Student: 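I have a structure I would like to understand better, so I am pasting it below and will then ask my questions one at a time.
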Amino acid sequence: MLAVDHLAPLTHEGTPLDALTREGLVFGCDYNPEQWDRAVWDEDMRLMREAGVGLVAVNIFGWSWINPDRGVWDFAELDEVIDLAHSHGIRVNLGTATASPAPWVTTRHPEILPVAEDGTRRFPGGRQGYCPSSPVFRAYAAELSRRVVERYADHPALAMWHVSNELGCHNALCYCDASAVAFREWLRARYGSIAELNTAWGTSFWSQRYSAWDQILPPLAALSLRNPGQLLDFQRFSSDQQLELYRAEARIVRAHSTAPVTTNFMVTAHIRALDYFSWAGEMDVIANDHYLDRRLPDPIAELSFAADLTRGLAAGTPWLLMETSTGAVNWQPHNLAKGEGELLRNVVSHVARGADGICFFQWRASAQGAEKFHSALLPHAGTDTAQWRSVLEVGRTLRALQPLAGTRVASDAAVLFDWESWWSLENEGRPSDDVRYLDQVHAAHAALAAAGVSTDVVSARADLSAYRLVVVPALHLVRDADADRIARFVEAGGTAIITFASGIVDEQDRVRLGGYPGAFRDLLGIVSEEFAPLGPGQSVTLDDGTTGTVWSERLRTVDAEVAARFIDGPAAGLPARTRRTVGAGTAWYLATLPDASAYRDLLSDAAEAAGIRRNPVAPGVEVVRRAGSDRSFIFIVNHTTDTVEIAAHGRDAITGVAIDGTAVVAGGAVRIIEEAS
Ligand code: GAL
């Protein structure tokens, strides 16, 4: 249980998370007391203390609570909630309340409602019902956040500011008239002249040449394929507009408060509209929301990937899981409960990959509203439940893991990730619908994990000099400077593994002529003459006995060795995998998606050759290391039902029991071992 009476104001020295992790890793939740009668709040506080909750996100959807009508402000309940949390030793992650406009706002200003791709307006009644470019919405949001910040900036319970909520979750792409005006301004700033824009978008094609700015629209639904340059720039613009919303509020917050400012990212498989690498530098704490996506073939592999990417956004420093669920969500077709031990396994996976705190959506399961069937820390059935007991276990674990705070995951390998490549690769008129960006990136990440290689997921613009091995999956859109950096990394002794669909277009989505893979042709010493994608379910066999799916192509080597050839399929007899020694390093090309074991073996051999220290591997078991200057922890998460034995020396970080050579981890269990130095 947390001690009370110790809530001195945070000093905000060191990193923002340092201040919050002095007694344990952060254990927090969204707290929505406005959904409940006042009488419930005291029980909330008592139970939060019992569970060890130390941080609550409040006022996230508070607009109609504190500003129920035009010019009407009522902070009485929010005051009381924050004071109550404070008196119970619980810190507050305070929302600016701008996530969802109150009904009076949209009734008064229906023009702020977003417009979909087909030109139809969306009505209020859900959430986030506003156009991100609307000056009217922005003015109201600025006033609301200013009032909240002025009122609570000096409250001693304040730990951080939570700007809006999941910006762009539902309204990332708006096609209304205000968006059109803002899009034109954005394009004008980017290109300066209509002539430049015509060149950039290749508007000679299909008679699309513009003669004035006001002819340019957002890429509304059309009769045929749309202009890819326009689509790509609209995606960039839309990400920038959402970031602008964050910036506008963060500026207001920072004018009045020194507390850290953040917003919750959505690094998940189903949200792709926000280029978070361009956002990350503006956050005082990188915070992510992650829910297991049961629609995917391997939800756990996706969790690991998302956590590694979140760490990449945090440039390797500890980050905060701002939302996750204790059990089922309510927005997938089948909302599965978590199995025994799964909650703790998920929590530990995030911590293993660099999270210094875990927060949940939400504290108490709602009795009403659209999320009444979403799990919470405190379930509908109350505290005499297995769910509540597993929540208590999470609280105890996060507290016991305090010595981990501030440590980092050290990786010698990286996978490059790039939102612009995701957008351009999957826009209309592509060679194969089966080449999905995330599939390719996930496959590379999973193969490294299966080979026991800890992997950072970093931007295509990142400095690579600290790595030995870099995998470049489907990096479709590449700037010259980024291709050069990858080439220099190899020359200096690195190993790069570049896959098909990489290097194809430039920043303007213009094909790099002279043969694929354009930007990497010289580095790899190959020329690919023609794409030869595989049909649905089709696979090809290589002369080393492995198989490939999704893709093949007709390539020839110019200055590279052929490591394997296709023996069947549309590229039979041609190279399927090539290798070239460049300076002190090696550059590989993969012209098909290897089957999982072939991919694992390939990356395992490459890691071995690159001298990378590997984690012990066992199928279905996650093993990750986090280390600080004077300590190192090994995390073992057993996703199987069988007991496994993993080599380790040290002391169990939870029980204190000595581990002398072998850690025994029961089926479904986790172990965190502080390694003997
Ligand atoms: C997030 C959101 C929360 C809640 C949660 C449910 O997208 O920020 O408010 O809706 O999902 O899973």
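The residues of the chain are indexed from 1 along the displayed sequence. None of these values were measured; they are calculated from a predicted model. Order of listing sets the numbers, starting from 1, for every ligand and every atom in it.
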Student: Can you sort out the partners of R364 under side-chain hydrogen bond (donor to acceptor under 3.5 Å, both in side chains), two or more places apart, ordered by chain and number?
Tutor: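 Partners of R364 under the side-chain hydrogen bond (donor to acceptor under 3.5 Å, both in side chains) test: E43, D44.
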Student: Which residue is it: W279, W423, W419? I am looking for the one with a side-chain hydrogen bond (donor to acceptor under 3.5 Å, both in side chains) to S239.
Tutor: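 Answer to the side-chain hydrogen bond (donor to acceptor under 3.5 Å, both in side chains) test with S239 among W279, W423, W419: W279.
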Student: Would a distance-only check, ignoring hydrogens and angles, find a side-chain to backbone donor-acceptor pair under 3.5 Å from S179 to C174?
Tutor: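 Yes: the side chain of S179 pairs with the backbone of C174.
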Student: Heavy atoms under 4.0 Å from ligand 1: which residues qualify?
Tutor: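 Correct list: F61, R127, N165, E166, D289, Y291, E323, W331, F361, E371, H374.
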Student: Excluding sequence neighbours, so at least two apart, what forms side-chain hydrogen bond (donor to acceptor under 3.5 Å, both in side chains) with H155?
Tutor: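 Partners of H155 under the side-chain hydrogen bond (donor to acceptor under 3.5 Å, both in side chains) test: D83.
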Student: Listed by chain and number, what are the side-chain hydrogen bond (donor to acceptor under 3.5 Å, both in side chains) partners of H170, not counting sequence neighbours?
Tutor: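 side-chain hydrogen bond (donor to acceptor under 3.5 Å, both in side chains) check on H170 returns R127.
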Student: Does E393 reach the main-chain N or O of S390 with its side chain, forming a donor-acceptor pair under 3.5 Å?
Tutor: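 Judged by distance alone, no pair lies under 3.5 Å.
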